[in-house]
Amino acid sequence: MVTFIHLITTLLFLSATVSSCPPSDLEALLAVKSSLKEPYLKIFNTWTGAQCCSNWFGVSCDPTTGRVADLTLRGESEDPIFQKSGRTGGYMTGSIDPAICRLDKLTTLIVADWKAVSGQIPTCIATSLTSLRVLDLVGNQISGNIPADIGNLQSLAVLNLADNQISGGIPASIVKLKSLKHLDLGNNKISGGIPADFGNLVMLSRALLNRNQLTGPIPSSIGKMYRLADLDLAMNQISGSIPPELGKMRVLSTLNLDSNQISGQIPPALLSNSGMGILNLSRNALEGNIPDVFGSNSYFMVLDLSYNNLKGPIPGSLSSSKFVGHLDLSHNHLCGSIPIGSPFDQFEAPSFANNDCLCGNPLKTC
């Protein structure tokens, strides 16, 4: 009986320990709370008392150590607190206090989709939160630079800073994130070039750098990224030619390079790659003929080569493709007859408009 009572006492003690924060974590969370204002959902009303591991909105703790492990504050959520308020999205102002860095056992830091959280990313995140696996600050008004030492976060698998006001360059140290699988820096004000050794991120499956102010060439090292399925560099100021290595990537299925300053010819392997499903090269300065390399395994949900300087005929081999869902060859210098039959019989005139001398259905008769 004594042993049983001792066991119950021990379990109750451990339960109480886990539900209460260490004083340092509690103090850090309260500093974070004081720098953020959320007037509608009142999520921070739950941040009271000393037991931050129990019923504090967005806070989770390690059950063994009692340290704060996850801070997940999403402005778009299906959490009951949103449903009770009748709101589908939240609104938060303020900034992320550097005190966040005292939560040095954090594995997840999410302050996402609040629309008006501003200020800069505390630089200490890159040096103090070395256990981070997820850093997600998407959908705010955060400005300033990405911390230069971001490469210190060796466990980081997700880095999402999209839809903010972040400026400066992509830190050279980012290529040290050997565990990174998802990178989204889209829709910011990031400038400068993509690091030449960007291909060192061999675990990366998605690289979304679109809608920035990036310049310089596409690094050929990207061809080493054997897990990369989605590469989006659209709406930047990228120049130079398309590295032929991109056409040899067997997993790459979505490639968006539209609205840049890319020149040179289209690498044939890019069009013959049977894994490529979405290819958008529109609004660049590409020239030469469209390579006649399509085959029976070609399957394009989107093939957009519009607004370039392409010349010559439409490749006849495109007729042998298994599927082409959307085709846009408009605003080039193409000439000759539009091939007859599938898939061309499903496209309308805008797909071929504003070329030098294309003819045939759906344009004028040759």
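Fair warning: this is a prediction, and the values are worked out from it, not measured in the lab. Counting begins at 1 with the first residue of the sequence. Hydrogens, waters and symmetry mates play no part in the numbers below; they use all other heavy atoms, side chains included.
No side-chain donor-acceptor contact under 3.5 Å links Q165 to the backbone of S118. Of the possible donor and acceptor atoms, none in the side chain of D328 sits under 3.5 Å from a partner among the backbone N and O of D304. The closest donor-acceptor contact from the side chain of S330 to the backbone of N354 lies at 3.5 Å or more, if one exists at all. For N210 (side chain) and N212 (main-chain N/O), no donor-acceptor pair under 3.5 Å exists by modelled atom type. Remark: the backbone N or O of L132 is not paired with any side-chain donor or acceptor of T107 at under 3.5 angstrom. Side-chain N or O atoms of N260 include one that pairs as donor or acceptor with a backbone N or O of N236 at under 3.5 Å.
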Handout entry: Worked verdict on L109 versus T72 for side-chain contact (heavy atoms from CB on, under 4.5 Å)
Key = CA-CA 6 Å; L109 174 55; T72 303; over 6 Å; no
Practice task
May I have the step-by-step check of salt bridge (Lys or Arg N to Asp or Glu O under 4.0 Å) for D232 and R211, ending in yes or no?
Solution key: CA-CA 9 Å; D232 194 344; R211 291 180 292 169; over 6 Å; no
Problem - Evaluation steps, side-chain contact (heavy atoms from CB on, under 4.5 Å), between I190 and I166 - result: CA-CA 6 Å; I190 300 171; I166 295 170; 4.2 Å; yes
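Side-chain atoms of D197 and S221 form no donor-acceptor pair, as typed in the model, at a separation below 3.5 Å. Side-chain contact, D70 with T108: a donor N or O sits under 3.5 Å from an acceptor N or O. Neither side chain, K248 nor N273, offers a donor N or O lying under 3.5 Å from an acceptor on the other.
For the atom pair NZ (K322) and CG (N297), the distance works out to 5.5 Å, reported to the nearest 0.5 Å. Note that the CD1 atom of I125 and the SG atom of C101 stand 5.0 Å from one another [nearest 0.5 Å]. We find the CD-CD1 distance between Q120 and I142 to be 10.0 Å, quoted to the nearest 0.5 Å. The CG atom of L159 lies 9.0 Å from the CG atom of D184; values are rounded to the nearest 0.5 Å. Between atom CD1 of residue I146 and atom CD1 of residue I174 there is a gap of 5.5 Å, rounded to the nearest 0.5 Å.
Side-chain atoms of S319 and P339, non-hydrogen and from C-beta on, do get closer than 4.5 Å to each other. Residues L233 and N256 are not in side-chain contact: their nearest non-hydrogen atoms beyond the backbone lie 4.5 Å or more apart. Side-chain contact between M225 and L252: absent, with no pair of heavy atoms (C-beta onward) separated by less than 4.5 Å. Within the 4.5 Å cutoff, the side chain of F294 has heavy atoms near those of the P315 side chain. At a threshold of 4.5 Å between non-hydrogen side-chain atoms, the residues V134 and I110 count as touching.
The two residues Y226 and M203 make their nearest non-hydrogen contact at OH-SD, 4.4 Å. A pairwise comparison of heavy atoms in A99 and A31 identifies CB-CB, 3.5 Å as the closest pair. Residues M301 and F323 come closest through the heavy atom pair CA-CE2, 4.2 Å. Of all heavy-atom pairs between I262 and I242, the closest is CG2-CG1, 3.7 Å. The minimum heavy-atom distance between C366 and S337, with the atom names listed, is SG-OG, 3.4 Å.
For the two cysteine residues C61 and C21, the thiol sulfurs sit 2.5 Å or further apart.
Taken together through direct or relayed side-chain contacts under 4.5 Å among Ile, Leu, Val, Met, Phe, Trp and Tyr, I314 and F347 form part of one hydrophobic cluster. L26 and I43 fall within the same hydrophobic cluster, defined by Ile, Leu, Val, Met, Phe, Trp and Tyr side-chain heavy atoms under 4.5 Å apart, directly or through other members. Hydrophobic cluster membership is shared by L153 and V175, with clusters built from Ile, Leu, Val, Met, Phe, Trp and Tyr side chains linked at under 4.5 angstrom. Hydrophobic cluster membership differs between Y307 and I278, with clusters built from Ile, Leu, Val, Met, Phe, Trp and Tyr side chains linked at under 4.5 angstrom. L257 and I222 fall within a single hydrophobic cluster, where Ile, Leu, Val, Met, Phe, Trp and Tyr side chains are chained together by heavy-atom contacts under 4.5 Å.
Atom NZ of K176 has 12 or fewer heavy atoms from other residues, nucleotides or ligands within 6.0 Å. Counting non-hydrogen atoms of other residues, nucleotides and ligands closer than 6.0 Å to CG of N309 gives a total above 12. Around NZ of K105, the count of heavy atoms belonging to other residues, nucleotides or ligands within 6.0 Å does not exceed 12.
Checking D356, N355, N308 one by one against H333, the side-chain hydrogen bond (donor to acceptor under 3.5 Å, both in side chains) holds for a single residue, D356.
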